2 protein chains.
Amino acid sequence: MTKEEVIKEYRLREILEAARRVMARYGMQGTTVDRVAEEAKVAKGTIYLYFDTKDELVNTAVIEGLREMTAEVLASDDPSMPPLDRIRKLILAHFRMLASNQDFLKTLIIGNSLDIELESQHGREFMRVYAAHVDFVASVLQDAIDHGAIRRIDPQFAAFMLGEMLTGSLRRRLLKLASSPLESDAEAVVELFLKGIATIPCD
Amino acid sequence: MTKEEVIKEYRLREILEAARRVMARYGMQGTTVDRVAEEAKVAKGTIYLYFDTKDELVNTAVIEGLREMTAEVLASDDPSMPPLDRIRKLILAHFRMLASNQDFLKTLIIGNSLDIELESQHGREFMRVYAAHVDFVASVLQDAIDHGAIRRIDPQFAAFMLGEMLTGSLRRRLLKLASSPLESDAEAVVELFLKGIATIPCD
DNA sequence: CAGTCAAATGAACGTACAGTCAGTTTAGCC
DNA sequence: GGCTAAACTGACTGTACGTTCATTTGACTG
């Protein structure tokens with residue numbers, strides 16, 4: 001990589017991070033190119049040297065953010081652990097990730113959210129990253145099924161629902177329907193996901 | 001109610017329904033006052049006889065929609081049923097409601113969503129309706145706990161998570177991560193919510 | 001039918017903001 | 001230092017859209 005490419009890469013990151021900060025602060029509606037430029041300490045025109053349209057800027061920022069977050073969770077996985085412990089650890093890793101990206105996720109999870117058209121280039125890219133993560137979680141569940149650690153459930157379905165519970169936990173905080181720190185939900189989600197609400201304890 | 005009031009009420013409904021149709025078709029971003037006026041077959045100015053701002057129009061349309069949907073579910077409840085059957089029926093009622101409001105909910109659940117500021121008048125109103133519904137579901141769960149039909153779990157937490165699984169089911173369809181009809185998820189959610197993924201069946 | 005008035009209309013206005021581009025700065029090179 | 005090209009700037013442009021208001025419509029009254 002040449003020196004220029006390094007600088008270009010650096011600028012790109014700066015702008016994308018600025019965009020995410022602006023989204024977190026002003027919401028999707030309030031995210032203007034002017035604000036991103038100000039936040040990134042570059043002129044408006046500079047942004048258009050790196051992105052063709054505002055849409056491309058915003059969507060790229062979101063997709064990159066998603067990519068980084070899923071990578072973080074993936075990195076914490078340890079396939080050699082006993083299946084149930086591995087699932088528990090996976091859930092905790094998700095919670096850590098959610099907690100440290102609250103501000104950014106707020107824009108995606110409540111209120112003014114994304115405007116990606118599913119059938120567009122960006123929409124497909126977004127779904128690729130998202131689906132890959134669900135697939136990964138599903139594979140962990142499949143592994144647990146193969147080991148007889150959990151019952152035979154559709155792993156894709158369960159993985160998706162787990163994801164909904166996780167983002168749901170964050171949403172509940174952000175909507176002020178719960179006030180204790182996010183982390184304290186982790187065990188409750190583990191319990192609910194593993195055992196449901198049924199009476200008889202199933203260990 | 002006088003004749004004029006009836007007409008006013010009718011116009012109001014027309015405009016709000018038009019607004020929801022436009023939201024469903026064009027998304028939040030693409031919902032303009034011009035489009036709503038065209039859809040409602042009134043002049044742009046007429047809208048401003050009923051609403052002070054576009055924000056009020058949109059937020060009122062959303063809140064009314066939410067109110068109608070939650071009322072629908074509430075109406076289907078039968079407190080005299082055995083607790084577990086009651087919960088199952090409640091979940092199925094939610095699925096029916098979700099299925100018949102897919103187009104409108106799409107705008108709230110994926111992509112271009114709501115822009116209600118939580119600390120505003122509309123935000124509080126929205127949260128009131130939403131929280132009331134969660135409270136209702138929680139009360140059904142509390143009832144089941146009192147009857148010893150399910151284990152002692154925080155009913156508010158469980159009610160919220162159930163809601164997340166339900167909207168999650170719809171989201172999964174809308175994101176094309178599942179293709180079978182929405183209704184077929186109903187049983188899977190009942191199962192997962194009641195029993196979790198644990199190995200030992202708990203009936 | 002003329003007169004009254006609230007309801008409705010849609011052309012016009014103002015503004016916010018995405019996108020452009022002529023001019024300026026910076027960096028590399030001889 | 002002078003030359004060149006690329007990077008950067010920010011004032012400017014065009015437009016989409018929320019909001020206003022002078023005018024028109026039509027229902028009702030006497």
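The basis for the numbers below is simple: all heavy atoms, side chains too, and nothing from hydrogens, waters or symmetry mates. Proteins get letters first, then strands, A, B, ... in listed order; numbering begins at 1 in each. Everything numeric here is computed off the predicted structure, so don't read it as measured data.
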Could you pull out all donor-acceptor pairs under 3.5 Å where a side-chain atom in residues 61-74 of chain B meets a protein atom, sequence neighbours excluded?
residue  : atom : partner   : partner atom : Å
Glu64(B) : OE2  : Arg67(B)  : NE           : 3.4
Arg67(B) : NH2  : Glu125(B) : OE2          : 2.8
Thr70(B) : OG1  : Leu66(B)  : O            : 3.2
Thr70(B) : OG1  : Arg67(B)  : O            : 3.0

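- Rounding to whole angstrom units, CD of residue Gln29(B) and C1' of dA16(D) are separated by 12 Å.
- Rounded to a whole Å, the CD atom of Glu38(B) is 17 Å from the C1' atom of dA8(C).
- Between Tyr50(B) and dA8(C), a side-chain N or O to OP1/OP2 separation shorter than 4.0 Å is present.
- Residue Arg11(B) is classed as a sugar-phosphate contact, given heavy-atom separations below 4.0 Å to backbone atoms only.
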Which donor-acceptor pairs under 3.5 Å do the side chains of residues 155-171 of chain A make with protein atoms, sequence neighbours left out?
residue   : atom : partner   : partner atom : Å
Gln156(A) : NE2  : Asp135(A) : OD1          : 2.9
Glu164(A) : OE1  : Arg171(B) : NH1          : 2.3
Glu164(A) : OE2  : Arg171(B) : NH1          : 2.9
Thr167(A) : OG1  : Gly163(A) : O            : 3.2
Thr167(A) : OG1  : Glu164(A) : O            : 3.3
Ser169(A) : OG   : Met165(A) : O            : 2.9
Arg171(A) : NE   : Ile109(A) : O            : 3.2
Arg171(A) : NH1  : Glu164(B) : OE1          : 2.2
Arg171(A) : NH1  : Glu164(B) : OE2          : 2.9

Polar-atom pairs under 3.5 Å, protein N or O versus N or O of nucleotides 18-20 of chain D: list them with distances, or write none.
residue : atom : partner  : partner atom : Å
dG18(D) : OP1  : Lys54(B) : NZ           : 3.0
dG18(D) : OP2  : Val33(B) : N            : 2.9
dG18(D) : N7   : Lys44(B) : NZ           : 3.1
dT19(D) : OP2  : Tyr48(B) : OH           : 2.8
dT19(D) : OP2  : Lys54(B) : N            : 2.6
dT19(D) : O4   : Lys44(B) : NZ           : 2.8

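- Here the P atom of nucleotide dG10(D) and the CD1 atom of Ile47(A) are 13 Å apart, to the nearest Å.
- Between Phe51(A) atom CZ and dT20(C) atom P there is a gap of 15 Å when expressed in whole angstrom units.
- Listed by chain and residue number, Arg173(B), Ser184(B) satisfy the side chain to side chain contact (heavy atoms under 4.5 Å, CB included) test with Ser180(B) (two or more places apart in sequence, or in another chain).
- The two atoms that bring Val36(B) and Val22(B) nearest to each other are CA-CG2, 4.0 Å, heavy atoms only.
- Applying the side chain to side chain donor-acceptor pair (under 3.5 Å) definition to pairs two or more places apart or across chains, those involving residues 43-57 of chain A are Asp34(A)-Lys44(A).
- The distance between atom CD1 of Ile15(B) and atom C1' of dA8(C), rounded to the nearest whole Å, is 11 Å.
- For the side chain to side chain donor-acceptor pair (under 3.5 Å) test, no residue two or more places apart in sequence or in another chain qualifies with Arg13(B).
- The interatomic distance linking Leu49(A) (CG) with dT25(C) (C1') rounds to 14 Å, in whole Å.
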